Number of protein chains: 2
Amino acid sequence: MVQSEQEFLKQYDIRNYDVPLTTVDVAIFTLINSQLHVLMVERAEHPHKQRWSLPGGFIDLTQDTNLQQAALRKLKQKTGVKTSHLEQVETIGSAKRDPRGWSLTVLYMALIPFVEPLKDDLSVTDAKWWPFEKALKQRLAFDHKVLLGQARDRLRAKSGYTVLPVHVLTPPFTLTQLQQSFEELLGVAIEKKSFRRRIQSADVLVEVGEGLPEGGRGRKAMLYKPKPGVPQHAFVRAFGVDE
Amino acid sequence: MVQSEQEFLKQYDIRNYDVPLTTVDVAIFTLINSQLHVLMVERAEHPHKQRWSLPGGFIDLTQDTNLQQAALRKLKQKTGVKTSHLEQVETIGSAKRDPRGWSLTVLYMALIPFVEPLKDDLSVTDAKWWPFEKALKQRLAFDHKVLLGQARDRLRAKSGYTVLPVHVLTPPFTLTQLQQSFEELLGVAIEKKSFRRRIQSADVLVEVGEGLPEGGRGRKAMLYKPKPGVPQHAFVRAFGVDE
DNA sequence: GTAATAGTGTCTCTAAGACACTATTAC
DNA sequence: GTAATAGTGTCTTAGAGACACTATTAC
């Protein structure tokens with residue numbers, strides 16, 4: 001019997017197949033007092049009820065037109081933030097990571113300037129910014145400790161050859177503040193001149209007047225904001241990779 | 001009513017939820033006559049029956065313990081190759097990419113030395129190596145043209161700052177052959193001395209005697225094979241990024 | 001003036017790029 | 001010898017790193 005594609009589609013029903021459980025999780029990073037923080041939520045539902053986890057959940061097959069949209073929806077739901085740096089990190093899937101069965105999660109990472117977390121969400125009993133290291137030490141839901149680590153690794157690596165860290169500051173900011181962000185996300189100190197040379201050559205900032213120096217004492221500092229749609233600038237050489 | 005996690009899991013059935021269709025696809029690359037080729041299969045089944053597509057398909061919830069395993073299984077099924085470079089590229093999902101409904105695919109990329117494709121697979125009427133550019137011009141199934149492009153982009157980028165191209169050659173090979181591989185995967189010419197300096201500093205090859213020069217004329221060339229488990233060497237600077 | 005922070009000048013060092021050179025082979 | 005390919009020597013260049021220097025402010 002030869003079957004047309006139309007006929008095939010008519011009788012196709014995904015429920016006849018064993019499929020994995022699919023979710024999207026987002027590691028949302030920001031800087032608070034020059035310290036890396038990650039937004040975590042406390043689960044209101046089984047499994048792993050009451051444990052802290054990354055914001056995330058199922059794809060809404062009617063609302064979400066694509067994966068990025070699904071991740072963006074999670075981000076907005078927890079922060080109100082609509083645009084920011086959002087990138088896919090990795091997809092993790094295995095038979096064991098969720099007690100409900102074979103499960104797969106698409107991990108995203110977002111960088112945003114600080115905002116208070118929104119809490120109008122029933123699937124969650126609390127939402128708050130954790131200092132990154134402290135979050136890592138919690139007993140998290142599922143394999144979210146591993147996911148946090150992967151997002152952190154990506155963040156560190158890309159901070160070395162892109163201008164990603166501009167996304168975690170609330171403009172306007174000084175170059176000293178920006179350097180501190182780079183250093184915190186990179187995990188190593190950067191030489192001041194090297195840093196400034198690079199930022200200048202990347203051409204991603206706009207001057208917006210002068211402001212107070214760090215600590216309130218000393219020479220006034222130039223203030224900057226990111227150029228609209230900060231170009232995805234990639235440098236040929238990476239920072240802080242010497243032995 | 002308070003419900004324990006055990007009770008919750010007992011009554012949980014994924015079939016009560018709308019979930020996306022989930023697949024794994026693998027862009028398998030090799031070099032044939034110094035030309036980049038990609039392994040494609042002709043679909044035996046709806047949808048998109050008889051169109052060429054990337055090897056891939058559903059996760060086997062009982063056989064595959066995790067995602068990487070699923071990708072490895074696809075690779076082995078089509079090539080017999082069990083180990084090689086295999087890395088995740090990106091996960092693409094949308095409501096529209098598959099006529100059966102909301103679908104998501106985890107795209108992998110593999111690099112292997114040339115082997116004849118295996119064809120003992122019922123879901124497929126043919127399997128063959130296509131020159132990459134020619135494959136891109138075919139009318140492919142689903143959004144596989146986009147997937148091919150993403151895998152190609154990743155391949156090009158990583159060939160600039162890693163030793164990835166060592167994986168597409170059948171050892172032993174000469175440095176000239178290896179340079180040609182790098183150039184083909186990168187898409188730009190590399191200066192001979194720069195190339196040799198870098199390969200030497202990466203320390204990923206072992207000498208295995210002497211062989212004929214390229215074209216059969218001229219001085220004999222040293223032959224090499226990759227060191228076992230070729231280290232994931234990343235250079236601080238990228239090749240061929242000048243303007 | 002001093003202390004503190006912002007910002008620059010300039011040398012060194014590493015590794016890519018350019019390119020001419022030597023080495024080895026077949027004929 | 002010539003032609004062809006393998007492989008090296010060495011200068012230039014770009015950009016990170018080091019670090020001392022100047023500039024501007026509050027006090």
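Each chain gets a letter, A, B and so on, in the order its sequence line appears, and its residues count up from 1. Predicted model, so just to flag it, every value in this text is computed and none were measured.
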Give none if D:dA3 has no partner; otherwise give the nucleotide forming a Watson-Crick or G-U wobble pair with it, both distances under 3.5 Å. C:dT25
Does the structure place the NZ or CZ of B:R237 under 6.0 Å from the centre of the six-membered ring of B:Y161, at an angle of no more than 45° from the ring's axis? no
Rounded to whole angstroms, how far apart are CD1 on B:I199 and P on D:dA6? 15 Å
If you compare every side-chain N and O of B:R219 against the phosphate oxygens of D:dA4 (OP1, OP2), does one of them come in below 4.0 Å? no
Contact class for A:E214 (heavy atom, under 4.0 Å): base, sugar-phosphate, or nothing? sugar-phosphate
When you measure from the side chain of A:K192, which nucleotide among D:dA16, C:dG7, C:dC19 comes out closest? C:dG7
Round to a whole Å and report the spacing from CG of B:L175 to P of C:dA23. 19 Å
At 4.0 Å (heavy atoms only), tell me whether B:S201 reaches a base, stays on the sugar-phosphate, or touches nothing. nothing
Given DNA chain D, 5'-ward residue of the pair A:K193 and A:K220, judged by closest heavy atom: A:K193
Examine D:dA26: is either OP1 or OP2 under 4.0 Å from a nitrogen or oxygen in the side chain of A:R217? Give yes or no. no
Could one point to a donor on the side chain of B:R197 or the base of C:dG17 with an acceptor on the other under 3.5 Å away? yes
With respect to the phosphate group of D:dG7, does any side-chain polar atom (N or O) of B:R196 fall under 4.0 Å of OP1 or OP2? yes
Can you tell me the distance, in whole Å, between the CD atom of B:Q200 and the C1' atom of D:dG9? 14 Å
Rounding to an integer number of Å, can you tell me how far A:I190 CD1 sits from D:dG15 P? 17 Å
From the candidates C:dA6, D:dA6, C:dG7, the one with an atom nearest any side-chain atom of A:M222 is C:dG7
State plainly whether the residues B:E90 and B:R154 are in salt-bridge range, i.e. N to O under 4.0 Å. no
More than 12 non-hydrogen atoms from neighbouring residues, nucleotides or ligands closer than 6.0 Å to NZ on A:K119, yes or no? yes
Could you state the atom-to-atom distance from CG of B:L223 to P of C:dT25 in whole Å? 13 Å
Should C:dC13 form a Watson-Crick or G-U wobble pair with both distances under 3.5 Å, which nucleotide is its partner? D:dG15
Side chains of residues 207-229 of chain B: which donor-acceptor pairs under 3.5 Å do they make with residues two or more places apart or in other chains?
{"unit_1": "B:K227", "atom_1": "NZ", "unit_2": "B:D203", "atom_2": "OD1", "d": "3.0"}
{"unit_1": "B:K227", "atom_1": "NZ", "unit_2": "B:D203", "atom_2": "OD2", "d": "3.2"}

Under 6.0 Å from the NZ atom of B:K128, do we count more than 12 heavy atoms belonging to anything else shown? yes
From C-beta outward on A:R237, which listed nucleotide comes closest to its side chain: D:dT10, D:dG15, D:dA6? D:dG15
By nearest-heavy-atom nucleotide on DNA chain D, the more 5' of B:T176 and B:E191 is B:T176
Paired with C:dA18 by Watson-Crick or G-U wobble geometry, both distances under 3.5 Å: which nucleotide is it? D:dT10
Measuring to OP1 and OP2 of C:dA16, would you say a side-chain N or O of B:R198 lies under 4.0 angstrom away? yes
